[in-house]
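Each ligand, and each atom within it, is numbered from 1 in the order the structure gives. Everything quoted here is computed from the prediction, not taken from an experiment.
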Amino acid sequence: MDGVAAVSGRKSRRESDVELYSEAPLPTERGLFRTVVFRDRRTGAEHVAMVKGDVRGHAVLVRAHSECLTSEVLGSLKCDCRAQLDRALDLIASRGRGVLLYLRQEGRGIGLGNKIRAYALQAQGLDTYQANRALGFPDDLRRFDVAADMLRLLGVRSVQLITNNPLKIEGLREAGVEVRRRVSLPSPSNPHNVQYLRAKAEQTGHLITTDDDLAAAGTG
Ligand SMILES: [Zn+2]
């Protein structure tokens, strides 16, 4: 917490709050990855990196993905997290080099219980941001310094970031990550998440990309 450590280069660098705890090869439906577990010394949270290929160096394809139990495990259609996770892993596997950071910060950092409270408010007509504010939370409590620490420990020097969220690019840059370019992901819509996607686009400047856009432009 109070570890303001040695000054390095352009920016005084915090002492890392996460440590590389364990790693192993992991065969997956998308081929062989290396899975690396990091532990946050302050909170005990365990964050995961799915690593493909040799990611030491520059211009590494990276997705910083926040846990979403409701969509990824339970099949909720209220958001697009599972599709984003799948597509990011597909892209990294197809390129043969990249990292997916799986960050344990459910519900933009407010936790699962509060996320479900927010869903209850949304069932009464509030959008995703109005609901969080009604519960007393700011729009986004996600931390980018953890992601920056994980990338540094993996030897990643600069990234091509897979995201539609300009705030994520800003957050990572502020945490000291060199973001060379943005790689967009399509957001498939359904009747349950149309309002959610629209709120993201209108309120935080998310750059929503459809499958058609991508087919026209290629993902690269
Ligand atoms: Zn989600």
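Partners of Lys115 according to the side chain to side chain donor-acceptor pair (under 3.5 Å) rule, which considers only residues two or more places apart in sequence or in another chain, are Thr70, Glu106.
Geometrically, Lys78 engages Tyr119 in a cation-pi contact, judged by NZ or CZ lying under 6.0 Å from the ring centre and within 45° of the ring axis.
Under 2.8 Å from the Zn ion (ligand 1), one finds the following protein N/O/S atoms: Cys68 SG, Cys79 SG, Cys81 SG.
Closest approach of Ala131 and Ala118 over heavy atoms only: CB-O, 3.6 Å. Considering all non-hydrogen atoms of both residues, Ile110 and Asn132 come closest at CD1-OD1, 3.8 Å.
A distance-only check finds a donor-acceptor pair linking the side chain of Arg104 to the backbone of Glu46 [under 3.5 Å].
Salt bridge absent: Glu19 and Arg39 never bring a charged side-chain N and a carboxylate O closer than 4.0 Å.
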